[in-house]
Amino acid sequence: MIYFISAFFCAFFIFGWAHAETNCYLINECSRFRRDPVSPSPGTQIKINPSAVPTEKGYGIEAIYFSQEADLSLVRGTGRMGAALSPSNSEDTFFGAPGIETPAELFKRKDEKLKYPNQKITLAAAFNLFERKGNGLKKYNLKLGLMGKYNKLSANISPGGGLSGAIGPLAFGYSYYEDQTQWDSSFFGGSTKELTKYQVQTYNLGLYLNAVILNYSNLRLKIEDDLSETQIHLYTVSVSMGKFIFTAAKRDEDSSTQAYNYETHTLEEKKIKEEYFGGIQYTLTRNLMVGGLYNYYLLREGSITATLFF
């Protein structure tokens, strides 16, 4: 994996060097890489809706560090289009779809505070369909995104796409993608390895109020040959105060998956599972933002994030 990331970095910078004005990232006048209303982690949103990939000229690198491991997302924009690559999953993160695993695996992960294992590489691209700058409702834009998810265990590629845009202070987005997970089914008396395919649909509505962003996001996961459906509601508020950005969010998951009780250290039947998220990010330099996140991996844990612009 280290060799793969190093090789990508070399290819990433060979194609050219561009300077991005980070002021426009911070005040939401340039790129959605920093101020996407759906999630304080742009790398996570790119893996859910590829139209969230920034198209502005420049480079962006995001890293989320937890338990001696960093999840990376790498982005480059050319002005009219952008591309992103991430060798990490979005499953079982606060803003992503739930992971598919056995109760035994779920209990072990939660009890030992282990994040959902990475098994995918996502490549995404976004294109500006049209854009108009101005004030109020005269300002609007629309972007189209496409992506492919490569599963390292099954060696299969799953497609996906999405749209996102804004009209004045209103932001919106929609995405659909196919995905799959290979897991150990021996717990249920099956073969050692089982491939489960599923589809994910999302939509979001956001409102920019100067230094405040409000957003609602809905995610639905449907497993093939299964009548049940998982639905997640996300409510997010983000506030900018000087060089700080504060984010708080609530996640309601409606699914048949068991819930881990952190007080009794047991699994319990619970249809609606509530989780809360908090994040603080600080503009350390003109090109670097650092911060801390709580419960990003749904483990009631703390993690560190850094976003670098070029």
Side-chain angles (χ1 to χ4, degrees), residues 1 39-41 43-44 47-48 63-73 86-122 149-154 158 179-198 200 219 221 223 226 228-234 249-279 292-305:
M1 178 59 70
S39 166
S41 166
T44 298
K47 288 171 279 191
I48 298 173
I64 300 178
Y65 185 81
F66 169 69
S67 187
Q68 301 181 345
E69 184 179 354
D71 284 344
L72 295 176
S73 297
S86 179
S88 59
N89 293 354
S90 60
E91 285 83 5
D92 228 57
T93 61
F94 191 92
F95 299 93
I100 296 175
E101 57 192 335
T102 66
E105 291 172 327
L106 174 63
F107 175 79
K108 177 179 175 63
R109 279 202 317 105
K110 296 290 187 179
D111 201 53
E112 299 182 9
K113 286 190 177 293
L114 303 172
K115 70 184 188 70
Y116 194 77
N118 291 332
Q119 59 177 251
K120 300 169 188 174
I121 299 173
T122 300
K149 291 177 178 285
Y150 174 74
N151 190 304
K152 294 180 288 185
L153 299 181
S154 65
S158 302
D179 210 342
Q180 55 186 245
T181 296
Q182 187 165 300
W183 53 286
D184 186 353
S185 63
S186 59
F187 179 86
F188 298 104
S191 60
T192 303
K193 298 297 181 181
E194 183 77 20
L195 186 66
T196 298
K197 297 181 179 181
Y198 55 93
V200 177
L219 183 150
L221 183 150
I223 297 176
D226 192 336
S228 63
E229 180 183 74
T230 294
Q231 186 168 188
I232 295 174
H233 303 274
L234 288 166
K250 181 176 184 286
R251 171 190 172 107
D252 292 334
E253 178 181 329
D254 184 349
S255 71
S256 59
T257 304
Q258 291 180 300
Y260 181 79
N261 189 314
Y262 286 89
E263 295 181 357
T264 62
H265 299 280
T266 59
L267 294 179
E268 60 184 20
E269 299 294 335
K270 195 173 184 180
K271 184 171 175 57
I272 305 296
K273 292 164 276 290
E274 294 183 359
E275 292 286 349
Y276 294 89
F277 170 89
L293 308 177
Y294 168 73
N295 205 23
Y296 176 79
Y297 291 107
L298 294 173
L299 297 171
R300 311 278 174 92
E301 89 298 340
S303 53
I304 299 172
T305 181

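Here the shortest heavy-atom pairing between Leu221 and Ala97 reads CD1-CB, 3.9 Å. Across Ile232 and Pro98, no two heavy atoms sit closer than the pair CD1-CD, 3.5 Å. Closest of all the heavy-atom pairs between Pro103 and Gln258 is CB-OE1, 3.6 Å. Residues Leu195 and Ser154 share a closest heavy-atom pair of CD1-CB, 3.9 Å. The minimum heavy-atom distance linking Val200 with Leu219 is given by the pair CG1-CG, 3.9 Å. Here the closest non-hydrogen pair linking Leu106 and Leu267 is CD2-CD2, 4.1 Å.
Side-chain contact check for His233 versus Lys250: every heavy-atom pair is 4.5 Å or farther apart. For the pair Ile121/Lys149, no side-chain contact is recorded, criterion being any heavy-atom separation below 4.5 Å from C-beta on. Here the side chains of Ile223 and Thr196 are in contact, with some heavy-atom distance below 4.5 Å. Within the 4.5 Å cutoff, the side chain of Thr93 has no heavy atoms near those of the Leu298 side chain. For the pair Phe94/Leu234, a side-chain contact is recorded, criterion being any heavy-atom separation below 4.5 Å from C-beta on. Looking at Glu301 and Leu293, their side chains never come closer than 4.5 Å, going by heavy atoms from C-beta outward. Between Ser86 and Lys120 the shortest side-chain heavy-atom distance does not fall below 4.5 Å. No side-chain heavy atom of Gln119 sits less than 4.5 Å from a side-chain heavy atom of Glu91.
Not counting sequence neighbours, the partners of Asn118 by the side chain to side chain contact (heavy atoms under 4.5 Å, CB included) test are Glu69, Asp71, Ser88, Asn89, Lys115. Taking the salt bridge (charged side-chain N to carboxylate O under 4.0 Å, His left out) definition, one finds that Arg251 meets it with Glu253, sequence neighbours left out. Partners of Tyr297 under the ring-ring contact (aromatic ring centres under 6.0 Å, His included) rule, at least two apart in sequence or in another chain, are Phe66. In this structure, Ser67 has no side chain to side chain contact (heavy atoms under 4.5 Å, CB included) partners at least two apart in sequence or on a different chain. Shown here are the salt bridge (charged side-chain N to carboxylate O under 4.0 Å, His left out) partners of Lys197, two or more places apart in sequence or in another chain: there are none. Contacts of Ser256 classified as side chain to side chain contact (heavy atoms under 4.5 Å, CB included), with partners at least two apart in sequence or in another chain: none.
The aromatic rings of Tyr260 and His265 sit perpendicular to each other, their planes meeting at more than 60°, with 30° as the lower class boundary.
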Asn295/Glu275 under side-chain hydrogen bond (donor to acceptor under 3.5 Å, both in side chains): CA gap, chis, key distance, verdict: CA-CA 8 Å; Asn295 205 23; Glu275 292 286 349; 3.0 Å; yes

Derivation and outcome, side-chain hydrogen bond (donor to acceptor under 3.5 Å, both in side chains), residues Asp254 and Gln231: CA-CA 5 Å; Asp254 184 349; Gln231 186 168 188; 5.4 Å; no

Trace of the side-chain contact (heavy atoms from CB on, under 4.5 Å) decision for Ser73 with Lys47: CA-CA 9 Å; Ser73 297; Lys47 288 171 279 191; 4.3 Å; yes

Worked verdict on Tyr296 versus Tyr294 for ring pair (Phe, Tyr, Trp, His ring centres under 6.0 Å): CA-CA 6 Å; Tyr296 176 79; Tyr294 168 73; over 10 Å; no

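In this structure, Lys113 places its NZ atom where more than 12 heavy-atom neighbours from other residues, nucleotides or ligands lie under 6.0 Å away.
Using a 3.5 Å distance cut-off with no hydrogens or angles, the side chains of Asn261 and Glu268 do pair a donor with an acceptor.
In this structure a side-chain-to-backbone donor-acceptor pair under 3.5 Å is missing from Glu112 to Arg109.
Electrostatic pairing of Lys273 and Asp252 does not count as a salt bridge here, judged by no charged N lying under 4.0 Å from a carboxylate O.
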